[in-house]
Novice: 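Right, I'll just put the structure down here and ask away after.
Computation of the quantities below employed the complete heavy-atom set of this structure, encompassing side-chain atoms and omitting hydrogens, waters and symmetry-equivalent molecules. Every chain is numbered from 1 and lettered A, B, ... according to where its sequence line falls, protein lines coming before strand lines.
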Amino acid sequence: MNLFSDIRASVMEALETMTSMGELPEGLPTDDVTVEPPRDSAHGDMATNAALVFAKRARSRPRDIAEILAGHLVGDPRIESAEVAGPGFLNIRLADGIWSGLVDAVSNSGNYGRSDMGAGKRINVEYVSANPTGPLHVGHGRGAVFGDALASLLEFVGYDVTREYYINDGGAQVDVLARSAFERYREACGLAPEIADGMYPGSYLMFVGEALVELYGETLLDQPEETWLGDVRDFATDRMMDMIREDLGTLGVGMDVFFSEKSLYGSGRIDSALSSLSERGLIYEGVLDPPKGKMPDDWEPRRQTLFRSTGHGDDMDRPVRKSDGSWTYFASDIAYHFDKISRGYDTLINVFGADHGGYVKRMKAVVSALSDSNVPLDIKLIQLVRLYRNGAPFKMSKRKGNFVTLRDVVDRVGPDVTRLVMLMRRNDAALDFDLDRVLEQSRDNPVFYIQYAHARVRSVLRRAGELGIPTDQPSRIEDAAELAVARKIAEWPRLVETAARSHEPHRVAFYLRELASEFHALWNRGNEFPGLRFVQEGDIATSAGKIALPKAVGIVISSGLGILGVTPAEHMH
RNA sequence: GGCCCCGUAGCUCAGCUGGAUAGAGCGACCGCCUCCUAAGCGGUAGGUCACAGGUUCGAAUCCUGUCGGGGUCGCCA
């Protein structure tokens with residue numbers, strides 16, 4: 001049920017007829033032909049740019065083509081009129097019954113807006129992937145919410161989605177974690193911890209130290225580091241991942257796969273990924289040019305094993321081995337993405353923090369090389385979250401102990417507010433998050449605004465239930481405000497597909513606010529014109545014709561909020 | 001200096017991958033509850049879409065350059 005694609009199909013059919021009748025030349029590309037809502041609804045219900053797209057290739061005037069097209073379209077019973085306007089737009093007005101038909105279809109279906117656009121293709125969405133060395137911070141939370149909503153959105157349009165987290169448990173930072181946890185272990189044994197510079201000072205490691213005492217007693221105290229480092233590291237990273245899973249859980253974010261970087265080492269998987277690149281002639285021994293412009297003080301030329309990423313769009317080649325011969329982090333990333341490709345995904349999406357912007361080109365180069373350009377990789381960069389308290393920037397410092405974790409924020413404002421506020425901004429724009437203002441129950445808080453609309457719907461439906469008004473009867477759309485709501489409902493499938501195609505879940509959030517706005521407007525017209533109220537006391541027949549519209553609004557809001565992971569409220573208090 | 005992102009109303013931001021007279025919220029001003037929830041609604045005011053070129057029927061949107069803000073730049077992950 002997608003009114004715009006239905007009418008577009010009708011337009012395409014008319015264009016084919018024109019071609020076969022010699023009114024248009026053969027073989028014109030139709031990809032750019034759109035059928036969309038006009039900016040001004042006074043222009044009609046839909047507008048197509050077909051004549052403008054074809055004018056040049058057909059060597060005729062756009063308005064002339066539009067005129068002929070209009071003649072073919074009026075044969076469609078769903079189309080009441082088609083008028084040429086402006087430079088050659090064709091404004092289409094739909095027949096009266098179309099809108100009530102749409103509303104009835106929506107209010108009686110459970111899956112309005114879903115589509116088979118994805119055709120069951122498999123997409124891997126990797127997000128969060130924070131180091132397992134501490135609690136998630138607010139920036140991780142934004143990536144988590146974005147990735148989760150994007151995954152839901154893609155599922156909604158028919159993709160087979162895997163939500164994945166890459167655990168960076170293979171580098172030096174987890175050794176530092178182990179040493180930091182060991183100091184907390186000593187502390188739990190009654191000794192003074194010595195937390196050196198560069199260690200993780202957070203008190204969240206104290207429970208790890210205590211758990212180590214339960215496991216080992218005091219037996220580790222006199223042992224040299226090499227005897228305990230591996231065990232303590234594994235134990236501590238497991239505990240950190242437990243904590244991160246809990247943090248994500250408070251936001252309602254869950255993963256299908258947790259992929260361990262460490263699992264790549266010693267398994268030969270890095271070697272096989274690199275030999276795959278080697279077979280393509282993309283691995284060589286060489287010396288990189290120094291960085292252009294600003295020269296680092298300690299730069300000196302070194303011979304390294306390099307990946308020829310410039311062959312796939314990168315600015316310079318990238319080292320896969322450190323000078324001591326061990327793998328760079330990039331090498332394990334290559335192996336990880338080789339693994340993803342070999343698992344058969346049609347598309348990969350990585351959600352990174354903006355500070356990883358420098359890795360975009362090389363990762364795309366790797367995936368392009370390893371998949372012979374068959375698997376597209378889209379990397380979504382998530383910009384900073386700046387925390388505010390009452391309009392003033394909130395400075396955080398781990399040392400001063402006023403560090404605000406994701407958990408702190410969710411505990412304070414709740415998962416629904418956290419999620420929607422983060423989704424009301426494009427991923428590539430910085431986000432100001434004011435811990436006090438997001439809780440104000442005012443009009444500028446989209447969470448309350450949208451949930452209020454849904455609560456009003458539920459209130460009406462409850463009232464209808466009490467009065468015995470059936471909610472499955474044909475609707476009657478008469479007033480302009482009712483029509484405006486129906487039009488907005490009609491846009492939903494199209495909006496969902498656009499948002500999914502561009503990997504931009506924020507569009508769903510903005511759409512829901514617009515739909516809520518139209519609904520609130522209609523609701524308030526019921527103050528001025530009681531005949532517009534959905535429930536007409538004492539007149540079941542009239543009420544039955546009005547109840548489908550709010551019901552349809554409720555269905556769209558609730559499925560939209562479902563994509564965003566926000567609870568649709570039954571009541572407002 | 002190289003690369004990436006951003007620049008739209010006083011403020012915070014949308015703008016449906018190039019469409020018609022650029023939109024919303026906040027702030028300001030004026031209105032609307034004996035009425036399904038006023039946490040809502042209607043109206044007024046506010047713009048050289050950073051700047052300059054280019055591409056074409058048509059540009060906030062695409063290309064080039066300039067200015068301003070942020071991020072990032074070989075043996076960290």
Novice: Identify each atom pair where a protein N or O and an N or O of nucleotides 67-72 of chain B are less than 3.5 Å apart, giving names and distance.
Specialist:
unit_1: B:G71; atom_1: O2'; unit_2: A:Ala354; atom_2: O; d: 3.4

Novice: Quick one: list whatever passes salt bridge (Lys or Arg N to Asp or Glu O under 4.0 Å) with A:Lys361, sequence neighbours left out.
Specialist: A:Asp315
Novice: In chain order, what residues pass the side-chain contact (heavy atoms from CB on, under 4.5 Å) check against A:Lys56, with sequence neighbours excluded?
Specialist: none
Novice: Kindly state which residues belonging to residues 514-529 of chain A come within less than 4.0 angstrom of RNA chain B, counting heavy atoms of the residue only, listed by number.
Specialist: A:His520, A:Ala521, A:Trp523, A:Asn524, A:Asn527
Novice: List the residues meeting salt bridge (Lys or Arg N to Asp or Glu O under 4.0 Å) with A:Asp314, not counting sequence neighbours, and say none if there are none.
Specialist: A:Arg318
Novice: With Watson-Crick and G-U wobble geometry limited to distances under 3.5 Å, how should the secondary structure of RNA chain B be encoded in dot-bracket form, using | for bases paired to another strand and [ ] for crossing pairs?
Specialist: (((((((..((((.....[...)))).(((((.......))))).....(((((..]....))))))))))))....
Novice: Under the salt bridge (Lys or Arg N to Asp or Glu O under 4.0 Å) rule, collect the residues that match up with A:Asp32, sequence neighbours excluded.
Specialist: none
Novice: In chain order, what residues pass the side-chain contact (heavy atoms from CB on, under 4.5 Å) check against A:Ala354, with sequence neighbours excluded?
Specialist: A:Gln383
Novice: Please produce a list of atom pairs where a protein N or O lies less than 3.5 Å from an N or O of nucleotides 56-63 of chain B.
Specialist:
none

Novice: For A:Arg419, enumerate each residue passing the salt bridge (Lys or Arg N to Asp or Glu O under 4.0 Å) test, keeping only those at least two apart in sequence or located in another chain.
Specialist: A:Asp148
Novice: In whole Å, what separates the C1' atom of B:A24 from that of B:C76?
Specialist: 44 Å
Novice: Checking A:Glu528 now: which residues fulfil side-chain contact (heavy atoms from CB on, under 4.5 Å) with it, not counting sequence neighbours?
Specialist: none
Novice: What pairs with A:Glu570 under side-chain contact (heavy atoms from CB on, under 4.5 Å), at least two apart in sequence or on another chain?
Specialist: A:His454, A:Arg458, A:Arg462
